[in-house]
Amino acid sequence: MAKSNFRFQVYQLVEKIPKGQVWTYGQIARRLGKPRAAQAVGNALHENQSLKIPCHRVVNQKGFLATNFGQGGWQEQAKRLKAEGVKFISKKKVVLLY
DNA sequence: CGAATGACAATCT
DNA sequence: TAGATTGCCATTC
């Protein structure tokens with residue numbers, strides 16, 4: 001497929017997310033040099049959903065899980081995050097370490 | 001090639 | 001402070 005460089009960058013970054021750590025789209029976008037590309041980052045994961053990357057460790061700025069997460073929905077994502085040792089403030093809200 | 005969509009974020013009221 | 005609106009970026013139709 002296309003494998004645009006931008007998407008590749010997103011995957012590389014998401015793969016580097018340490019276990020038990022949750023990143024936000026804004027942080028990733030900012031790291032890629034596009035502070036406003038948060039949606040593009042989320043889009044890259046949604047369009048690909050490679051299952052090879054810990055996309056479940058990526059949440060929005062509010063700390064809430066993705067609204068339309070694949071593979072079973074946010075509950076599946078939350079389940080994986082809990083298995084990683086991530087702390088949850090709510091059923092669908094994780095602890096963001098600023 | 002142009003327009004529309006989307007797992008977001010920031011700003012304004 | 002909370003809610004609503006606009007803007008941004010890349011991918012897809």
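Excluded from the calculations below are hydrogen atoms, water molecules and symmetry mates; all remaining heavy atoms, backbone and side chain alike, are included. All of these numbers come straight from a predicted model, not from anything done at the bench. The sequence lines fix the lettering, A, B, ..., with proteins before strands; numbering per chain opens at 1.
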**Prompt:** Looking for any heavy atom pair under 4.0 Å, which part of the strands does Ala40(A) touch: base, sugar-phosphate only, or nothing?
**Reply:** base
Calculate the interatomic distance between [X] atom [atom1] and [N] atom [atom2]; express it in whole Å.
| X | N | atom1 | atom2 | answer |
| --- | --- | --- | --- | --- |
| Lys34(A) | dT11(C) | NZ | P | 11 Å |
| Leu45(A) | dT11(C) | CG | P | 12 Å |
| Gln49(A) | dG6(B) | CD | P | 15 Å |
| Arg7(A) | dT12(C) | CZ | P | 6 Å |
| Gln39(A) | dT5(B) | CD | C1' | 8 Å |
| Gln9(A) | dC9(C) | CD | P | 17 Å |
| Asn48(A) | dG6(B) | CG | C1' | 15 Å |

Using a strict heavy-atom distance below 4.0 Å, which residues from [range] are in contact with DNA chain B?
| range | answer |
| --- | --- |
| residues 62-72 of chain A | Ala66(A), Thr67(A), Asn68(A), Phe69(A) |
| residues 80-93 of chain A | none |
| residues 11-32 of chain A | Tyr25(A), Gly26(A) |

N/O donor to acceptor pairs below 3.5 angstrom from side-chain atoms of residues 15-27 of chain A, sequence neighbours left out:
unit_1   : atom_1 : unit_2   : atom_2 : d
Lys16(A) : NZ     : Gln12(A) : OE1    : 3.2
Thr24(A) : OG1    : Gln27(A) : N      : 3.2

Would you say that [X] contacts [Y] through its side chain, given a criterion of any heavy-atom pair below 4.5 Å between the two side chains?
| X | Y | answer |
| --- | --- | --- |
| Ile53(A) | Leu45(A) | yes |
| Leu96(A) | Val59(A) | yes |
| Trp74(A) | Thr67(A) | no |

**Message:** Apply the hydrophobic cluster definition, ILVMFWY joined by side-chain contacts under 4.5 Å directly or through others, and give me every member besides Phe64(A).
**Reply:** none
Show me, pair by pair, the donor-acceptor contacts under 3.5 angstrom made by side chains of residues 78-95 of chain A, not counting sequence neighbours?
unit_1   : atom_1 : unit_2   : atom_2 : d
Arg80(A) : NH1    : Gln71(A) : OE1    : 3.3
Glu84(A) : OE1    : Arg57(A) : NE     : 3.4
Glu84(A) : OE1    : Arg57(A) : NH2    : 2.4

**Complete:** Closest of dT11(C), dA10(B), dG6(B) to the Gln61(A) side chain is dA10(B)
**Prompt:** Do Phe69(A) and Ile28(A) sit in the same hydrophobic cluster, where Ile, Leu, Val, Met, Phe, Trp and Tyr count as joined when their side-chain heavy atoms come under 4.5 Å apart?
**Reply:** no
**Message:** By the salt bridge (charged side-chain N to carboxylate O under 4.0 Å, His left out) test, which pairs, at least two apart or in different chains, include something from residues 26-50 of chain A?
**Reply:** none
**Asked** Quick one: does Tyr11(A)'s side chain have a donor or acceptor within less than 3.5 Å of a partner on Ala44(A)'s backbone?
**Response** yes
Listed pairs, N/O of protein and of nucleotides 11-13 of chain B, under 3.5 Å:
none

**Request:** Would you name the heavy atoms of Ala38(A) and Ala29(A) that are closest together and state the gap between them?
**Result:** N-CB, 3.5 Å
**Request:** On DNA chain B, check which nucleotide each of Asn43(A) and Asn60(A) is closest to and give me the residue with the more 5' one.
**Result:** Asn43(A)
